[in-house]
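Within every chain, numbering begins at 1; the chains are lettered A, B, ... in the order of the sequence lines, protein sequences first and strands thereafter. None of these values were measured; they are calculated from a predicted model.
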There are 2 protein chains.
Amino acid sequence: MGRAGSTSAGAAAEGVPPARTRPPSQADVAALAGVSSQTVSRVANNKSNVDEETRQRVLAAMRMLGYRTNTAARALATGQFRMLGVISFDLSAHGNARTLQSIAAVAQDAGYSVNVAVVKTATEGAVRQAFTQLTSQAVDGIVLIEAQILDRPELQLPPGVPIVMADGNPGQRFPAVDNNQLLGARTATEHLLSLGHATVWHLAGPQDSYSARHRVTAWHAALKEAGAPVPPVSYGDWSAESGYAIGRELAARDDITAVFAGNDHMAIGLIRALAEAGRSVPDDVSVVGFDDIAEARYLEPPLTTVHQDFEEMGRACVALLLRQIEGGESIAGLVDSVEPRLVVRASTAPPAKGRGVRKP
Amino acid sequence: MGRAGSTSAGAAAEGVPPARTRPPSQADVAALAGVSSQTVSRVANNKSNVDEETRQRVLAAMRMLGYRTNTAARALATGQFRMLGVISFDLSAHGNARTLQSIAAVAQDAGYSVNVAVVKTATEGAVRQAFTQLTSQAVDGIVLIEAQILDRPELQLPPGVPIVMADGNPGQRFPAVDNNQLLGARTATEHLLSLGHATVWHLAGPQDSYSARHRVTAWHAALKEAGAPVPPVSYGDWSAESGYAIGRELAARDDITAVFAGNDHMAIGLIRALAEAGRSVPDDVSVVGFDDIAEARYLEPPLTTVHQDFEEMGRACVALLLRQIEGGESIAGLVDSVEPRLVVRASTAPPAKGRGVRKP
DNA sequence: ACAGTATGAACGGACACTTGA
DNA sequence: CTCAAGTGTCCGTTCATACTG
């Protein structure tokens with residue numbers, strides 16, 4: 001028996017109904033089935049070399065006792081945890097939640113469970129702490145979602161743990177899955193230009209976000225290539241609230257006819273601000289969002305936006321992680337790309353005549 | 001050395017750059033610091049009985065080696081995992097994601113990490129499987145978010161694992177945290193009635209959802225008490241898409257002046273359908289949502305809705321779980337309530353004159 | 001020789017004791 | 001007798017090896 005036995009003995013003797021009794025072990029199953037615990041282990045791991053009749057007897061014993069393999073003991077023995085860690089900043093951000101959902105689903109199918117660490121403040125210390133929490137030998141690999149802060153090369157992460165960055169700057173140090181922000185933002189910008197707008201303003205996400213920066217870059221490049229003037233960038237924080245605040249400023253200028261918002265939430269706030277200022281979308285101002293949240297097509301007006309495939313993003317992240325964990329591959333710097341696509345709805349239109357028209 | 005050493009020896013000898021070397025153990029730290037592993041254990045767990053000078057030496061050695069305690073070994077020895085499991089159906093649902101976020105944050109502060117299992121299909125088997133995955137002795141307790149399917153009493157869950165239901169029917173078997181759906185839905189309905197609407201229609205969430213059913217019940221009761229006629233209920237699936245589909249049907253009737261939607265997403269779809277049918281919100285039809293998503297106040301029109309405190313929900317769930325895990329309390333049947341509140345914005349108004357006016 | 005089963009030593013850490021000053 | 005530090009054992013599984021019919 002040992003410690004556990006004697007510790008619980010007192011309580012158990014009292015006859016407390018939900019007595020926290022020690023869960024059944026392989027040894028218990030073995031005793032009941034009349035075999036060695038080694039045989040039980042083989043059955044639990046679907047190994048060969050077990051007589052079918054014996055296997056059935058063991059399985060029956062397992063069922064009877066409600067045996068579940070102790071993952072801590074297995075992890076200790078094998079050095080593998082069959083668990084993936086996910087570090088994310090904000091799960092109320094639509095994309096992050098969807099990506100996590102997908103990661104969890106795919107990981108489950110591969111026989112891994114998922115440990116989430118939410119980093120509240122985007123400080124280096126907080127991220128490192130999340131890392132420590134996760135890597136206390138408890139996960140086989142880690143996905144970092146939108147981990148802007150990690151761009152800083154001086155941040156040292158514990159070595160030896162496979163990592164994949166979802167929409168983060170991999171540098172040469174990590175593999176990453178990128179939503180091809182560049183293409184998405186370029187397409188959005190070009191869509192607006194092709195409608196005849198003289199230029200396109202940009203309501204960007206926070207400056208420390210990798211995604212936001214990429215979108216700014218692509219927007220800028222598209223404008224340059226088209227020979228359109230480049231207006232100043234406004235930085236929000238992905239929230240509808242920030243979109244609204246900045247929208248009020250933009251609405252005050254009547255030379256703006258097209259805005260590319262960094263995500264759909266900010267676009268919602270922006271459109272609200274424009275509406276309150278008496279400027280109609282898309283008649284006076286065209287707006288493009290990014291993400292294609294499920295509600296986008298039901299908004300007023302239905303939002304033209306860049307669709308992102310979060311399911312594929314999650315799948316790709318897990319795949320890259322497993323290549324490192326199970327395949328033992330070293331794939332630092334490899335970037336897998338998920339393609340976005342523009343979904344044109346009703347928030348974009350040619351500029352009102354006489355205003356902001358672009359010279360051919 | 002043993003197994004691990006000899007196993008990795010082959011690879012390490014090849015000089016592979018990121019050679020998977022065995023992580024440092026207490027023994028390694030002990031050797032470097034010139035103490036016994038027991039002393040290292042004491043330092044790692046902030047026990048007393050360690051000389052300050054010795055402690056510093058051990059801490060220095062830990063830093064040098066990058067030592068992190070092996071949670072599997074600790075769990076095996078203590079029988080505790082310091083990990084909470086969360087089972088959820090759909091993380092793209094705003095409320096679920098927010099609740100998970102809060103649970104993760106609070107759990108982290110309490111020194112627990114969070115293991116998420118996403119159940120794709122709401123079948124009993126899927127839930128049981130998620131349970132098995134989580135309870136393979138790997139979590140100390142489980143939070144079930146919106147676990148409608150578990151209402152079925154015949155579903156046997158593994159005993160011995162503390163459980164808390166978030167917005168699920170606890171029956172007498174589990175403790176639960178409830179968002180006080182009843183009060184929220186009643187307030188929403190009464191708000192519409194008090195504006196003078198003859199009655200209030202209801203666009204409900206899926207029938208197998210505990211939250212949805214509660215909201216229906218309260219809406220029904222509020223109508224009855226006010227002596228208002230009870231229109232048939234329409235059931236959606238929480239999505240804007242379903243709100244739109246049902247909204248088209250509702251928009252076809254011109255005797256409807258007020259609708260209470262089961263959540264904000266469905267409200268968005270509903271409003272869109274009404275708009276397409278040429279019916280204005282709130283001039284022709286008033287709409288109330290539920291959740292108060294961050295975008296609600298920026299929608300067109302700004303949405304009157306029932307605010308839910310998901311942060312508090314997460315906090316309460318973790319608190320209840322820890323009472324069972326650490327306090328050893330048996331609190332089956334206990335229900336903790338989180339209070340919602342109505343936020344009146346611009347999607348509700350008195351009915352247009354001559355239509356649907358309610359007799360005083 | 002072969003199929004199937006038993007044996008004992010790790011894995012890394014925690015705790016009840018024990019020993020040393 | 002107090003306080004610091006060490007010893008030995010066990011947690012439940014896996015794996016290499018030895019054993020048996």
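- Between Thr39(A) and dA6(C) there is a side-chain polar atom (N or O) within less than 4.0 angstrom of OP1 or OP2.
- The separation between Arg55(A) atom CZ and dA3(C) atom P is 16 Å, rounded to whole Å.
- The shortest distance between the side-chain N/O atoms of Asn49(B) and the OP1/OP2 oxygens of dA4(D) is below 4.0 Å.
- Residue contacts shown for Val50(A) are limited to sugar-phosphate atoms, with no base heavy atom under 4.0 Å away.
- If you take CG of Asp51(B) and P of dA21(C), they are 15 Å apart, rounded to a whole angstrom.
- A donor and an acceptor atom, one from each side chain of Ser36(A) and Thr39(A), are located under 3.5 Å apart.
- In terms of phosphate contacts, Asn70(B) brings no side-chain nitrogen or oxygen within less than 4.0 Å of OP1 or OP2 of dC11(C).
- Nearer to the 5' terminus of DNA chain C, by closest-nucleotide assignment, is the contact made by Arg74(B) (compared with the other of Arg74(B) and Arg42(B)).
- Of the residues listed (Leu100(A), Val116(A), Asn96(A), Leu91(A)), the one engaging Gln101(B) in a side-chain contact (heavy atoms from CB on, under 4.5 Å) is Leu91(A), and it is the only one.
- Between Lys47(B) and dC15(C) there is a side-chain N or O to OP1 or OP2 distance below 4.0 Å.
- Rounded to whole angstrom, the span from the CZ atom of Arg82(A) across to the P atom of dT13(D) amounts to 17 Å.
- Distances shown here put a side-chain N or O of Ser41(A) below 4.0 Å from the OP1 or OP2 atom of dT14(D).
- For Arg68(A) and dT13(D), the CZ to P distance is 11 Å, given to the nearest whole Å.
- Residue Asn45(B) has no polar side-chain atom (N or O) positioned under 4.0 Å from OP1 or OP2 of dG13(C).
- Toward the 5′ end of DNA chain D lies the nearest nucleotide of Ser36(B), the other residue of the pair Leu76(B) and Ser36(B) mapping further downstream.
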Could you check Arg57(A) against Glu53(A) for salt bridge (charged side-chain N to carboxylate O under 4.0 Å, His left out), going step by step and ending with a plain yes or no? CA-CA 6 Å; Arg57(A) 213 167 59 236; Glu53(A) 194 264 337; 3.1 Å; yes
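- Comparing atom distances between the Gln38(B) side chain and each of dC15(C), dA6(C), dG13(C) picks out dC15(C) as nearest.
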Does Val43(B) form a side chain to side chain contact (heavy atoms under 4.5 Å, CB included) with Leu59(B)? I'd like the steps, not just the answer. CA-CA 8 Å; Val43(B) 173; Leu59(B) 287 174; 3.8 Å; yes
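- Using a distance-only test at 3.5 Å, with no hydrogens or angles considered, no donor-acceptor pair links the side chain of Asn115(A) to the main chain of Asn115(B).
- When the P atom of dA5(D) is taken as reference, atom CD of Gln26(B) falls 15 Å away, rounded to whole Å.
- Residue Thr54(B) is in sugar-phosphate contact alone, with no base atom involved, counting any heavy-atom pair closer than 4.0 Å across all strands shown.
- The interatomic distance linking Glu52(A) (CD) with dG4(C) (P) rounds to 11 Å, in whole Å.
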